[in-house]
There are 2 protein chains.
Amino acid sequence: MDTGYFNIHWYPLGTMKGNAFDPNCPTRLVLDRIGDKWSVLVVLSLSSGPRRFTQLRDTIGGITPKVLTQTLRAMERDGLLIRTVFAEVPPRVEYALTPLGQSLQSPIGAVAAWAEENVEAVIAARERAPV
Amino acid sequence: MDTGYFNIHWYPLGTMKGNAFDPNCPTRLVLDRIGDKWSVLVVLSLSSGPRRFTQLRDTIGGITPKVLTQTLRAMERDGLLIRTVFAEVPPRVEYALTPLGQSLQSPIGAVAAWAEENVEAVIAARERAPV
DNA sequence: CTGGATCCATTTGGATACTG
DNA sequence: CAGTATCCAAATGGATCCAG
């Protein structure tokens, strides 16, 4: 597969020339995946080491098994984590970040940190806004 | 308004203690907004200065006027950008990042850079995966 | 324990056409 | 130019129950 996009690089802010702006660029697909709310929380959860399905479900408040499964499968397909099944009873399945997934910790951590630092400002702006 | 969450801070990766994991924490809302595909592209577009509606629509490939409007309005409500209407004919409306919005450039830039750098790896993993 | 299967409400966003 | 209005298809995600 060759989309012709793989060798295009980002430019410094202010001189940026598209790429992600092109709807056909695969960067869009990647942005969608890592921009997903649940994916972000999964990466955060796995930052401290491998976790089991139930651990993740309990850690990430409000996620249903179905959605968690979908998220994990998608991230596995994208090479962000690996799923290891132990042949035991009861079954045990462990999820762990791959090196690729680990490389996501920093940028995602930056976004999460921003969110935490600026929740107050955003909420304030939201309440200041006319209904 | 006091949700009781505003003074909780992030912990270093590995000792993180929740917060964004709580479904009731406003951090979730903020993550949703800045994690949005279109919001990311708008921030990127406005990084080099104010832009008009049509400029944004043309720059961001594949976005419809309706969705662009929705995105801009939401970001305005959240204090990320300001909308300036000039009383001219034909009408002119300019969008510019607020200081808060500008502070998003760095984390969003990090995520976008990651996406660009790892598109190849992600696509490769995706194609390696069983159908 | 780890999900798969099913059903369903809601949301999202795309296409298209139209207006102050 | 800068949107609105309308309609609608598809995807998202939640609830619930079931199974290897």
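The nearest heavy atom of DNA chain D to B:Arg73 and to A:Pro65 marks one nucleotide each, and the one closer to the 5' end goes with B:Arg73.
At the phosphate of D:dC1, neither OP1 nor OP2 sits under 4.0 Å from any side-chain N or O atom of B:Arg52. Proximity of B:Thr54 to the phosphate of D:dA2: a side-chain N or O atom is located under 4.0 Å from OP1 or OP2. Taking side-chain N and O atoms only, A:Tyr95 has a distance below 4.0 Å to OP1 or OP2 of C:dG3. Side-chain N/O atoms of B:Arg51 include none lying less than 4.0 angstrom from OP1 or OP2 on D:dC1.
Using a 4.0 Å heavy-atom distance criterion, B:Arg57 is classed as making no nucleic acid contact. Using a 4.0 Å heavy-atom distance criterion, A:Phe86 is classed as making no nucleic acid contact.
Considering only the side chain of B:Trp38, C:dG13 comes nearest among C:dG13, C:dG3, C:dT2. Nearest nucleotide to the B:Val67 side chain, out of D:dG14, C:dG14, C:dG3: C:dG14. Among the nucleotides D:dC1, C:dG4, C:dA15, the one closest to any side-chain atom of B:Pro91 is D:dC1. Which of C:dG13, C:dC1, C:dT2 sits closest to the side chain of A:Pro90 comes down to C:dC1. Side-chain proximity of B:Thr64 to D:dG13, C:dT2, C:dA15: nearest is C:dA15.
From A:Leu100, atom CG reaches atom CD1 of A:Ile82 across 12.0 Å, with rounding to the nearest 0.5 Å.
Checked by distance alone, A:Lys66 brings no side-chain donor or acceptor within 3.5 Å of a matching partner on the base of C:dG4.
The CG atom of A:Asp36 sits 14 Å away from the P atom of C:dT12 (whole-angstrom rounding). Taking atom CG of residue A:Leu56 and atom P of nucleotide C:dT2, one finds them 9 Å apart after rounding to whole Å. To the nearest angstrom, C1' of D:dC1 lies 11 Å from CD of B:Glu88. What separates CD of B:Glu94 from P of D:dC1 is a distance of 15 Å, to the nearest Å. The CD-C1' distance, from A:Glu76 to C:dG3, rounds to 13 Å in whole Å. Rounded to whole Å, atom C1' of C:dG20 lies 18 Å from atom CZ of B:Arg92. For the pair A:Asp32 CG and D:dT12 C1', the interatomic distance rounds to 13 Å; values are reported in whole Å. A:Ile63 has its CD1 atom 13 Å from the C1' atom of D:dT12, to the nearest Å.
Both tests do not hold together for A:Arg51 against A:Tyr95: distance to the six-membered ring centre under 6.0 Å, angle to the ring axis within 45°.
When all heavy atoms of B:Leu97 and B:Gln102 are compared, the closest pair comes out as O-NE2, 3.5 Å. The heavy-atom pair separating B:Arg28 from A:Ile60 by the smallest distance is NH2-CG2, 4.0 Å. Of all the heavy atoms in B:Ala115 and A:Ile34, the pair that sits closest is CB-CD1, 4.5 Å.
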Residues B:Ile108, A:Trp114; criterion side chain to side chain contact (heavy atoms under 4.5 Å, CB included); working and verdict
CA-CA 10 Å; B:Ile108 278 190; A:Trp114 187 95; over 6 Å; no
